Amino acid sequence: MTDWHIIAAVCCVGLVAYALRTGGYLTAGLLPADSQAQRFLRLAPANLFVAFVAASCFAGGITNVVGALVALVTMLVTKRQWAGLIMGFVAAALVAILRG
Amino acid sequence: MTTDTADQTPSTPAFTAAAFRRGLIAGFPFLLAYGVPAVLLGIAYKGVEFGLFASVLFSLLVYSSTAQAVTLGLWTLPPPIAALILACVATNARYLVMGANLQQSFGRFSKWLMLPLLFFMSDASWMLTTADVKTNRPDAGYFFGLSLPGWIGWSAGTGIGYLLPLTPTPTIIAATAVLPLAFIAVLLPAQWRGKRSVLPWALSAAAGLAAAPFLGAGWAMIAGGSVGTLYSMVRGDHD
């Protein structure tokens, strides 16, 4: 197995990631400005993130629940995103250690 | 770097040096916030026979904690490219919606300048940009400035992690898995709209939870978020 196989796989995944980042932007440009689809896109972001948090907490169990809660509470208290992220990671790591 | 002209209306998108600096300052914490977890990812990459170059290239090109964490779990030799691509689509499908949302604010900006900038889009830079355009003129400079530190931190952190004399452990892998969730959780308060958010968010969370066992977190996000958004539309919300 040469490194080129690995590099090719990485490039393929990178290309797909970029296509996803630009695909929605380009597609939305084709929609009428006052369409229901555009209205949906305006309203969707927060709901998508709430659903992602809920689903990820379910998938990751107690480690994810504690990590997300600590990150969120730290953010609410300190108003600093970096503090929320770091505390969330630390809490998740501690739970992972305690659970063996 | 292009600059705006004085006669532009307040809603006209631009790319200004001032907004780039403002974004860079706002995004500076993500140099560390993305860099530290990327160190863990770099350590984890050592366990799947990635070389240093491939590890850093993966973070440079894919720049997605969710996609990289999932594809890490799928990695074998030879690389299962179809499975890796499918996993990338499943975990990053949200970028389609995020990009479509940005088009509403930056649609009048030159797409030949906007498309390269979208390469750097992250959950954090997207969410902070969508919040910024509610109070300021859409400025791609702010988006780019906001996105850059996270991308640099993520890529450099991966390389540093790979070079550290540490081996991946279940604890490191568990901590890495919580990263995308924590990134999004800390950004939620900025999206809160008071009582108006309660029901759509509750519906989104409930539908996301119901879908997660069958679809995984990436698609459950789309399914759950769509339920909450459709409710908002039926209720007559506009923004």
Side-chain angles (χ1 to χ4, degrees), chain A residues 1 3 5-14 16-18 20-29 36 38-60 63-64 67-68 71-72 74-76 80-82 84-86 88-89 92-93 96-97, chain B residues 29 32-33 37 51 54 57-58 61-62 64 67 71 77-79 81 84-85 88-89 92 94-97 99-104 107 115 118-119 121 130 171 174-175 177-178 181-182 184-186 188-189 191 200-201 204-205 207-209 212 217 220-221 224-225 228-229 232-233 237 239:
Chain A
M1 181 61 52
D3 285 347
H5 287 89
I6 295 173
I7 301 301
V10 168
C11 289
C12 284
V13 178
V16 171
Y18 181 62
L20 291 168
R21 283 184 166 95
T22 53
Y25 184 89
L26 291 170
T27 306
Q36 290 296 310
Q38 290 280 20
R39 191 167 155 234
F40 181 92
L41 290 171
R42 276 197 301 276
L43 292 166
N47 296 317
L48 290 169
F49 278 80
V50 169
F52 180 78
V53 168
S56 296
C57 283
F58 174 86
T63 306
N64 277 15
L72 183 59
T74 307
M75 173 65 191
L76 288 170
R80 298 281 186 274
Q81 284 157 356
W82 60 267
L85 288 170
I86 290 171
F89 302 146
I97 290 168
Chain B
L32 183 67
L57 189 69
F58 212 147
L61 294 182
V62 180
S64 165
T71 52
L77 291 176
I81 291 179
L84 294 173
I85 287 173
C88 182
V89 171
N92 280 359
R94 67 184 186 281
Y95 287 142
L96 288 170
V97 180
N101 177 268
L102 277 186
Q103 202 277 340
Q104 297 205 320
L115 289 180
L118 287 170
F119 175 84
M121 180 172 71
T130 57
T171 303
V178 86
L181 172 61
I184 292 171
V186 297
L188 276 179
Q191 296 290 312
W201 283 30
S204 299
L209 280 172
M221 178 184 98
T229 305
S232 294
M233 291 179 74
D237 293 350
D239 199 3

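Remember, it's a predicted structure, so these values are computed and weren't measured experimentally. Throughout, a chain's letter reflects where its sequence line sits, starting with A, and its residues are numbered from 1.
Heavy atoms of B/A67 lying under 4.5 Å from chain A are absent altogether. Contacts of B/T130 with chain A are absent, with no heavy-atom separation under 4.5 Å from either backbone or side chain. Residue B/I81 touches chain A through its side chain alone, counting heavy-atom pairs closer than 4.5 Å. Neither the backbone nor the side chain of B/A207 comes within less than 4.5 Å of any heavy atom in chain A. Using a 4.5 Å cut-off between heavy atoms, B/L57 touches chain A through backbone and side chain atoms alike. Contact of A/L76 with chain B is made through the side chain alone, with heavy-atom distances under 4.5 Å.
Rounded to the nearest 0.5 Å, atoms CD1 (B/I184) and CG (A/L72) are 12.5 Å apart. The structure places CG of B/L96 at 9.0 Å from OG1 of A/T22, a figure rounded to the nearest 0.5 Å.
Listed options B/A182, B/G99, B/G224 were ranked by heavy-atom pairs under 4.5 angstrom with chain A; first place goes to B/G99. Contact count versus chain A (heavy atoms, under 4.5 Å) is highest, among B/G208, B/C88, B/P29, for B/C88. Options B/V186, B/L102, B/L61 differ in how many heavy-atom pairs under 4.5 Å they form with chain A, and the most are formed by B/V186. In terms of heavy-atom pairs under 4.5 Å with chain A, the best-connected choice from B/V62, B/V89, B/V97, B/L84 is B/V62.
The side-chain contact (heavy atoms from CB on, under 4.5 Å) test applied to A/I86 returns A/W82, A/V90, B/L32, not counting sequence neighbours.
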Please test B/L115 against B/L118 for side-chain contact (heavy atoms from CB on, under 4.5 Å), starting from the C-alpha separation and ending with a verdict. CA-CA 5 Å; B/L115 289 180; B/L118 287 170; 4.0 Å; yes
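Annotation: A/R80, atom CZ; neighbour count of heavy atoms from other residues, nucleotides and ligands within 6.0 Å does not exceed 12.
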Let me have the donor-acceptor pairs involving side chains of residues 43-59 of chain A, under 3.5 Å, with sequence neighbours excluded, atom names and distances please.
unit_1: A/N47; atom_1: OD1; unit_2: B/S204; atom_2: OG; d: 3.4
unit_1: A/N47; atom_1: ND2; unit_2: A/L43; atom_2: O; d: 3.3
unit_1: A/N47; atom_1: ND2; unit_2: B/T229; atom_2: OG1; d: 3.1
unit_1: A/S56; atom_1: OG; unit_2: A/F52; atom_2: O; d: 2.9

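Residues B/Y95 and A/R21 share a closest heavy-atom pair of OH-NH2, 3.4 Å.
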